[in-house]
Amino acid sequence: MERTVFLLAHTGRPAAIRSAELVVRGLLRSGIGVRVLEAEAADIPLPESDSVHTVKEATPQCLDGCELLIVLGGDGTLLRGAEFARASGVPMLGVNLGRVGFLAEAERDDLDKVVDRVVTRSYEVEERMTLDVVVHSNGDVVHTDWALNEAAVQKVSPERMLEVVLEIDGRPVTGFGCDGIVYATPTGSTAYAFSAGGPVVWPEVEALLMVPISAHALFAKPLVTSPSSVLAVEVQPHTPHGVLWCDGRRTVSLPPGARVEVRRGAVPVRLARLHHASFTDRLVAKFALPVSGWRGAPH
């Protein structure tokens, strides 16, 4: 049975087009078939081959029969790929063509290594926590969503704060005016939650994060809870309406009085890993942290 890999790329970038061509040709030389979205295939100089297939629509079913999803691009493209990976259960292998790319496992210069590891199946698969998000209005469920990195409740009007009350496990914690609240997974702790002043949480730690954005309050610290906790934010009736963003990709308006509940997601995202390097090393490399002068523990 022919092995098949799905390729997703940000073809708006010339670097992504060149990288996609290199990956496709490398996989085909090793007898691995490639599946590509029709719209992206039009931008990639794909070789004539019976092992290259295109699909019209981006649905979870388009990954049926694929052993891996390779994503080439920046953080936005990787989060787009995560939508496919979660819905299909196919592991995602990200190649960073952007700036930080914490979700990526490889950089642009590693393309030959990526192809070799895929061909020899020299990769491991790990599961990352997600968030399930439910929006209530007037007692009714009006929207459901999910996130790999974060679900952010934010104000819409720049001149007025969002008045909210926070809740954990059915009990009120505090209320204040703010620009918003970020609910994040450990995976998302290095994304928006980090920019809002939240802690960096190692991926193997199972926890949920609640990080206020520009809160006007004495007690407005980031909170880290059990992964089994249910976190909620209630938008006060007298406040302007807000907006919910999930991974910065999917959005829904929040009317005054809306309630947003966040809990551990029922379906994880599976990531393919090529390296055994520690998350500490990844953190230092991605943020270019100054570690010169370190000598290590004495032996």
Side-chain angles (χ1 to χ4, degrees), residues 1-98 101 103-128 130 146 148 247 249 267-276:
M1 182 178 177
E2 183 185 64
R3 297 172 61 192
T4 305
V5 168
F6 199 101
L7 182 71
L8 189 68
H10 184 345
T11 54
R13 295 184 177 188
I17 295 175
R18 292 192 297 271
S19 298
E21 183 182 10
L22 288 172
V23 170
V24 170
R25 291 185 182 277
L27 293 173
L28 292 178
R29 281 196 299 268
S30 299
I32 298 178
V34 179
R35 198 176 298 170
V36 189
L37 289 174
E38 196 173 84
E40 295 181 358
D43 297 325
I44 303 171
L46 297 172
E48 293 287 337
S49 172
D50 293 337
S51 295
V52 177
H53 303 281
T54 60
V55 293
K56 286 189 176 182
E57 295 185 15
T59 65
Q61 291 71 34
C62 68
L63 271 77
D64 287 350
C66 293
E67 66 179 68
L68 199 64
L69 167 64
I70 298 179
V71 181
L72 308 173
D75 289 333
T77 308
L78 293 170
L79 287 169
R80 178 181 167 218
E83 295 178 357
F84 289 104
R86 174 181 176 271
S88 65
V90 174
M92 179 179 80
L93 174 57
V95 178
N96 180 39
L97 303 181
L103 285 174
E105 184 62 11
E107 302 294 325
R108 185 184 312 169
D109 296 338
D110 300 329
L111 288 176
D112 289 340
K113 182 187 296 183
V114 168
V115 172
D116 179 67
R117 293 292 190 89
V118 173
V119 170
T120 59
R121 290 193 173 98
S122 300
Y123 58 86
E124 297 178 354
V125 177
E126 68 179 37
E127 293 187 346
R128 291 293 183 90
T130 58
W146 74 281
L148 173 60
D247 283 339
R249 292 184 49 79
V267 181
V269 169
R270 304 176 72 213
L271 298 182
R273 289 300 187 201
L274 306 180
H275 309 289
H276 293 286

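Side chains are part of it too, since the values below use all heavy atoms of this structure and drop only hydrogens, waters and symmetry mates.
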Value for CG (Leu7) from CD1 (Ile44), rounded to nearest 0.5 Å, stands at 5.5 Å
Contacts satisfying salt bridge (charged side-chain N to carboxylate O under 4.0 Å, His left out) that involve residues 55-79 (not counting sequence neighbours) are Arg3-Glu67, Glu67-Arg121
Rounded to the nearest 0.5 angstrom, the CG-CG distance for Leu111 and Leu72 is 7.0 Å
Please tabulate, one pair per line, all N/O donor-acceptor pairs under 3.5 Å involving side-chain atoms of residues 17-24, not counting sequence neighbours.
{"unit_1": "Ser19", "atom_1": "OG", "unit_2": "Ala15", "atom_2": "O", "d": "2.8"}
{"unit_1": "Glu21", "atom_1": "OE2", "unit_2": "Arg25", "atom_2": "NE", "d": "3.3"}
{"unit_1": "Glu21", "atom_1": "OE2", "unit_2": "Arg25", "atom_2": "NH2", "d": "3.4"}

By side-chain hydrogen bond (donor to acceptor under 3.5 Å, both in side chains), Ser51 pairs with (sequence neighbours left out) Glu2
Output for pair (Leu63 CG, Leu69 CG), nearest 0.5 Å, gives 5.5 Å
Contacts of Asp247 meeting side-chain hydrogen bond (donor to acceptor under 3.5 Å, both in side chains) (sequence neighbours excluded), chain-then-number -> none
Taken in chain and number order and not counting sequence neighbours, the residues that satisfy salt bridge (charged side-chain N to carboxylate O under 4.0 Å, His left out) with Arg29 are none
By side-chain contact (heavy atoms from CB on, under 4.5 Å), Arg117 pairs with (sequence neighbours left out) Lys113, Ser122, Leu274
Heavy-atom distance under 4.5 Å between the side chains of Phe6 and Val36, does that happen here? no
Here the gap from Thr77 atom OG1 to Leu8 atom CG, rounded to the nearest 0.5 Å, amounts to 7.0 Å
| Do Ile32 and Thr4 come close enough that some side-chain heavy atom pair is under 4.5 Å? | no
Residues at least two apart in sequence or cross-chain that pass salt bridge (charged side-chain N to carboxylate O under 4.0 Å, His left out) with Arg108, listed by chain then number, are none
Q. Can you find a pair of side-chain heavy atoms, one from Leu103 and one from Asn96, that are under 4.5 Å apart?
A. no
Residues passing the side-chain contact (heavy atoms from CB on, under 4.5 Å) test with Val125, sequence neighbours excluded, are Pro91, Tyr123, Arg270
Minimal heavy-atom distance between Gly26 and Val115, with the atoms involved, is C-CG1, 3.7 Å
Applied to residues 33-52, the salt bridge (charged side-chain N to carboxylate O under 4.0 Å, His left out) test, sequence neighbours excluded, yields Glu40-Arg80
Notebook entry, point to check: Heavy atoms, side chains only, cut-off 4.5 Å: are Phe84 and Val269 in contact?
Noted result: no
